[in-house]
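In what follows, a single structure is set out as structure tokens and then discussed.
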Amino acid sequence: ISIEGPSAICENMEGTYVLSGLTTGGIFIPSLNDYAKAELEQNEGTVTIKNIKGDITLYVSGNGGNGCQCEMDSIEIKMTPKPAIAIAVTPASQKICSGDDVKMSASVATGVSVQWDGLSAGYLDNNQKLFNTSMNDVVNTFRAVATTTGGCVNDTNIDITVHPLP
């Protein structure tokens, strides 16, 4: 029996492993060393590890189509944590009057990229004005998404309340 698949999975994500080496009619028997750290889903010829929360070992044995038991194979799977991300905003109150300046930035580790939803690139480096032409407060939600080079993702939101001018 052999197992092919990633040696690392991002926290709370999933990875698929291809199983091979059984004769026709054989049955794979997968197991984990710690079911509290991940979920295992078996399909024909594959195993999917879901919602990983720590390092685990996947074991696979099998019964061949002729009734003989096969040797076991295993693979150690490391859990890669989500990247940390923090948003800073000026002014710190996150509440401004229509037309006031606001500035936002995201702090991440070296090698982690950040994409913004709801925020033009100018907000990252310059003070920008947010406007509210309604009679009520308007809440603007901005989302920063951090991605590692290995593809692990984490995100966080920040709300900026813009009060209307009297």
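The basis for the numbers below is simple: all heavy atoms, side chains too, and nothing from hydrogens, waters or symmetry mates.
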Inset, instruction - Would you kindly say whether Thr46 and Thr16 are connected by a side-chain donor-acceptor distance under 3.5 Å? - result: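 No - no donor-acceptor pair under 3.5 Å links their side chains.
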Atom of [X], atom of [Y] and distance for their closest heavy-atom approach:
X      : Y      : result
Gly111 : Thr149 : O-CG2, 3.6 Å
Glu39  : Asn51  : OE2-ND2, 2.9 Å
Val139 : Asp159 : CG1-CB, 3.7 Å
Leu22  : Cys70  : CD2-SG, 3.1 Å
Pro30  : Leu58  : CB-CD1, 4.3 Å
Ala146 : Val108 : CB-CG1, 4.0 Å

Hey, does the side chain of [X] reach the backbone of [Y] with a donor-acceptor pair shorter than 3.5 angstrom?
X      : Y      : result
Gln94  : Ile160 : no
Gln42  : Phe28  : yes
Asn63  : Ile27  : no
Tyr17  : Pro6   : yes
Thr147 : Gly151 : no

I'd like to check [X] versus [Y] (side-chain heavy atoms, cut-off strictly below 4.5 Å). Are they in contact?
X      : Y      : result
Ile87  : Ser105 : no
Asn140 : Val162 : yes
Ile3   : Leu19  : yes
Ile158 : Thr141 : no
Trp116 : Arg143 : no
Tyr59  : Asn33  : yes
Ser98  : Pro164 : no
Lys95  : His163 : yes

Legend entry - Ile9: which of Asp55, Ile49, Ile56 passes side chain to side chain contact (heavy atoms under 4.5 Å, CB included):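 One option only clears the test, and that one is Ile49.
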Check the hydrophobic clustering (I, L, V, M, F, W, Y; side-chain heavy atoms under 4.5 Å; chains of links allowed) and say if [X] and [Y] are grouped together.
X      : Y      : value
Ile75  : Leu32  : yes
Tyr35  : Val47  : yes
Leu40  : Met79  : yes
Val114 : Phe142 : yes
Val112 : Val145 : no

Inset, instruction - Evaluate whether atom CD of Glu4 has more than 12 neighbouring non-hydrogen atoms of other residues, nucleotides or ligands under 6.0 angstrom away. - result: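 Atom CD in Glu4 is not crowded, with 12 or fewer foreign heavy atoms closer than 6.0 Å.
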Legend entry - Separation between OG of Ser61 and CD of Gln69, rounded to the nearest 0.5 Å: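 It is 5.5 Å, given to the nearest 0.5 Å.
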Inset, instruction - Look up atom CE in Met104 and atom OG1 in Thr90, then write down how far apart they are to the nearest 0.5 Å. - result: 10.0 Å
Inset, instruction - Report the C-alpha distance between Glu11 and Lys53 in whole Å, list the side-chain angles of each, state the deciding distance to 0.1 Å, and finish with yes or no for side chain to side chain contact (heavy atoms under 4.5 Å, CB included). - result: CA-CA 6 Å; Glu11 180 180 3; Lys53 296 170 183 64; 5.9 Å; no
Inset, instruction - Apply side chain to side chain contact (heavy atoms under 4.5 Å, CB included) to Ile77 and Ile52, showing your working. - result: CA-CA 9 Å; Ile77 305 167; Ile52 190 165; 3.9 Å; yes
